[in-house]
Every structure is written in C-alpha cells, then in structure tokens.
*Asks:* 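After the structure tokens below, expect a handful of questions from me.
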Amino acid sequence: MLGVVLGVLMVVSASLTACAGPYQYDEGTGLHDVTAAEAAGSWENAEGTRMVLRKDGTALLEKLDGQDFDFEDGWRLSGTGTWQLDDDEGGQVVRLALTTRTRVERRLPAAAGAGSPAPEPPSTYSWSFYADRDQHDGLVLFFMYGDPDMGNMYVMTRETGSQPFVG
C-alpha cells in the first residue's frame, strides 16, 4: 500500500513540475541591463514577422500574431503604434501597442474550430515582450503564446544586418 501511495505522489509531483516550465517567466527573466537604445531597431522572427522600434517611441509592425491564447485566433496584425521599455521587479519588458491597424492576415489553416467563424481581429492590441539574452549576450524579445502549459515562445531576434540605434 505504501508503494502505491508513493507512486501516486511521484506521478502528481512530476505532473506539477512538468507544468512549471512556462511559468518561470510569469515574473520576468530577471534581466535589468537593457537600455531603450539597445531595444530600438529592427526585429524579425522565423514566421515573417517584422517590427521596428524607433528611438522616438513609435513602432512599425508587420504580421505580428496574438499573445497568449489570442494566438489561437489565427490573425496577424500590421500597422503602427508605440513602444516603451519598462523595468519591472522581475525583469525588463518591451510594451508594444498597436494604435493604427493597416492590415490583417490569417495564418493557414484557420485556427477556429470546424464550422465556427474566426473571431474578428482587434483594431488595437498590446503585447508585452520579455527581454532576455541569447548565448552570445545579444538581446532577444519574446512572449508566450497558446496554451501556457505548452511553453511556446514567440521569439524576435535582431533583424539580419540590423544594429541597435546609437545615441
């Protein structure tokens, strides 16, 4: 009987530990050395998303997917907006706000369930990108998307050939 109880406790413990992965970012990455000048510049990801964070606090974005569960709706937004670098207790976050939507695209296949229409994409939207460092000490920006238990990270890296704005 003791063996069964210990076995059940091990399975429950392993299950809870497995879910802890994505939640490690709930409070941030612990990074506090990023400057706004370093965050400014052109960013991209493997899915064709681009964003330009200008040093005056304005932003251009192209094909940016929704954060968290909004990703499941399948829309990709393009337009203009604003950004700022915040230094929260748990680490730094780039807050990006789409204020003028210029285009909407959809990932294929549509994420909506069979027979149900896809939700209307928002006309404005806000993202919070965690700031972190890669293995070469370069800045990366990311947010979590989809089911939090899956730990999916939407990672933006410096656009090829792009350097942070200086000055």
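FYI, side chains are in, hydrogens and waters are out, and symmetry mates aren't considered; it's all heavy atoms of this structure. Position 1 is the first residue of the sequence; numbering continues from there.
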*Asks:* If we count only N and O atoms by modelled type, under 3.5 Å, do the side chains of Thr49 and Arg76 hold a donor and an acceptor together?
*Replies:*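 Yes, because at least one side-chain N or O of Thr49 sits under 3.5 Å from a partner of the opposite role on Arg76.
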
*Asks:* For the atom pair CG (Asp33) and CD (Glu38), what is the distance rounded to the nearest 0.5 Å?
*Replies:*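 Going from CG on Asp33 over to CD on Glu38, the span is 7.0 Å.
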
*Asks:* As an exercise, state the distance from CZ of Arg50 to OG of Ser78, rounded to the nearest 0.5 Å.
*Replies:*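 It is 10.5 Å, given to the nearest 0.5 Å.
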
*Asks:* For Ser126 and Ala97, indicate whether the former's side chain and the latter's backbone hold a donor-acceptor pair under 3.5 Å.
*Replies:*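 Checked: no pair found.
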
*Asks:* To check you understand the geometry: which heavy-atom pair defines the closest contact between Leu139 and Ala39, and what is its length?
*Replies:*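 It is CD2-CA, 3.9 Å.
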
*Asks:* Is the closest side-chain donor-acceptor distance between Arg95 and Ser128 under 3.5 Å?
*Replies:*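 Checked: Arg95/Ser128 side chains pair up, N/O donor to acceptor below 3.5 Å.
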
*Asks:* With salt bridge (charged side-chain N to carboxylate O under 4.0 Å, His left out) as the test, would you mind laying out the steps for Lys63 and Glu47 before giving the verdict?
*Replies:* CA-CA 9 Å; Lys63 300 180 185 176; Glu47 300 300 318; over 6 Å; no

*Asks:* Specify the closest pair of heavy atoms between Pro121 and Leu77, including all atoms of both residues, with the distance to one decimal.
*Replies:*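 Looks like CB-CD2, 4.1 Å.
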
*Asks:* Indicate yes or no: at least one non-hydrogen side-chain atom of Leu96 is less than 4.5 angstrom from one of Leu61.
*Replies:*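 Yes, side chains in contact.
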
*Asks:* Which pairs, with at least one residue in residues 72-92 and sequence neighbours excluded, count as a ring pair (Phe, Tyr, Trp, His ring centres under 6.0 Å)?
*Replies:*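 Of all non-adjacent pairs touching residues 72-92, those that pass ring pair (Phe, Tyr, Trp, His ring centres under 6.0 Å) are Trp75-Tyr125.
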
*Asks:* Taking the side chain as every heavy atom from C-beta outward, state whether Arg101 and Thr124 have any atom pair closer than 4.5 Å.
*Replies:*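 The answer is no; the side chains never approach within 4.5 Å.
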
*Asks:* Taking C-beta and beyond as the side chain, do Asp87 and Val93 meet within less than 4.5 Å on heavy atoms?
*Replies:*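 Answer no - side chains too far apart.
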
*Asks:* Report the C-alpha distance between Trp127 and Leu98 in whole Å, list the side-chain angles of each, state the deciding distance to 0.1 Å, and finish with yes or no for side chain to side chain contact (heavy atoms under 4.5 Å, CB included).
*Replies:* CA-CA 8 Å; Trp127 293 264; Leu98 172 73; 3.8 Å; yes

*Asks:* Can you see whether Trp43 has Arg158 sitting over its ring - NZ or CZ less than 6.0 Å from the centre and within 45° of the normal?
*Replies:*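 Yes, Arg158 and Trp43 form such a contact.
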
*Asks:* Going by heavy atoms in the side chains, are Leu60 and Glu62 under 4.5 Å from each other?
*Replies:*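 SC-SC contact between Leu60 and Glu62 ruled out.
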
*Asks:* Does any non-hydrogen side-chain atom of Asp86 lie less than 4.5 Å from one of Gln92?
*Replies:*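 A side-chain contact under 4.5 Å is absent here.
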
*Asks:* Do Asn45 and Val155 have side-chain heavy atoms sitting under 4.5 Å apart?
*Replies:*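 A side-chain contact under 4.5 Å is absent here.
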
*Asks:* Taking Asp73's backbone N and O only, do any of them form a donor-acceptor pair with Arg106's side chain (distance below 3.5 Å, no angle check)?
*Replies:*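 Checking the backbone N and O of Asp73 against the side chain of Arg106, a donor-acceptor pair under 3.5 Å is found.
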
*Asks:* Is the side chain of Ser42 donor-acceptor paired with the backbone N or O of Val52 at a distance under 3.5 Å, no angle test?
*Replies:*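 Checking the backbone N and O of Val52 against the side chain of Ser42, no donor-acceptor pair under 3.5 Å is found.
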
*Asks:* Run the side-chain contact (heavy atoms from CB on, under 4.5 Å) test against Asp56 and tell me which residues pass, sequence neighbours left out.
*Replies:*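 Result, side-chain contact (heavy atoms from CB on, under 4.5 Å) vs Asp56: Arg54, Thr58.
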
*Asks:* Between Asp65 and Arg107, which heavy-atom pair has the shortest distance, and what is it?
*Replies:*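 Distance-wise, the nearest heavy atoms are OD1-NH1, 2.6 Å.
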
*Asks:* Report the C-alpha distance between Phe142 and Tyr154 in whole Å, list the side-chain angles of each, state the deciding distance to 0.1 Å, and finish with yes or no for ring-ring contact (aromatic ring centres under 6.0 Å, His included).
*Replies:* CA-CA 5 Å; Phe142 72 94; Tyr154 195 95; over 10 Å; no

*Asks:* Roughly how far, to the nearest 0.5 Å, is the CG atom of Leu141 from the CE atom of Met153?
*Replies:*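 Result: 11.0 Å between the selected atoms.
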
*Asks:* Among the clusters formed by ILVMFWY side chains lying less than 4.5 Å apart, do Phe69 and Tyr145 turn up in the same one?
*Replies:*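 Result: no, two separate clusters.
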
*Asks:* Specify the closest pair of heavy atoms between Ala59 and Leu53, including all atoms of both residues, with the distance to one decimal.
*Replies:*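 Residues Ala59 and Leu53, closest heavy atoms: CB-CD2, 4.1 Å.
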
*Asks:* When you measure from the side chain of Asp147 to the backbone N and O of Asp149, does any donor-acceptor pair fall under 3.5 Å?
*Replies:*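 Yes; at least one donor-acceptor contact below 3.5 Å.
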
*Asks:* Find out whether Pro119 and Asp70 are in side-chain contact, i.e. whether some heavy atom of one side chain is under 4.5 Å from a heavy atom of the other.
*Replies:*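 They are not in side-chain contact.
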
*Asks:* Any heavy-atom pair between the side chains of Gln67 and Met144 that's under 4.5 Å?
*Replies:*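 No - every pair of side-chain heavy atoms lies 4.5 Å or more apart.
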
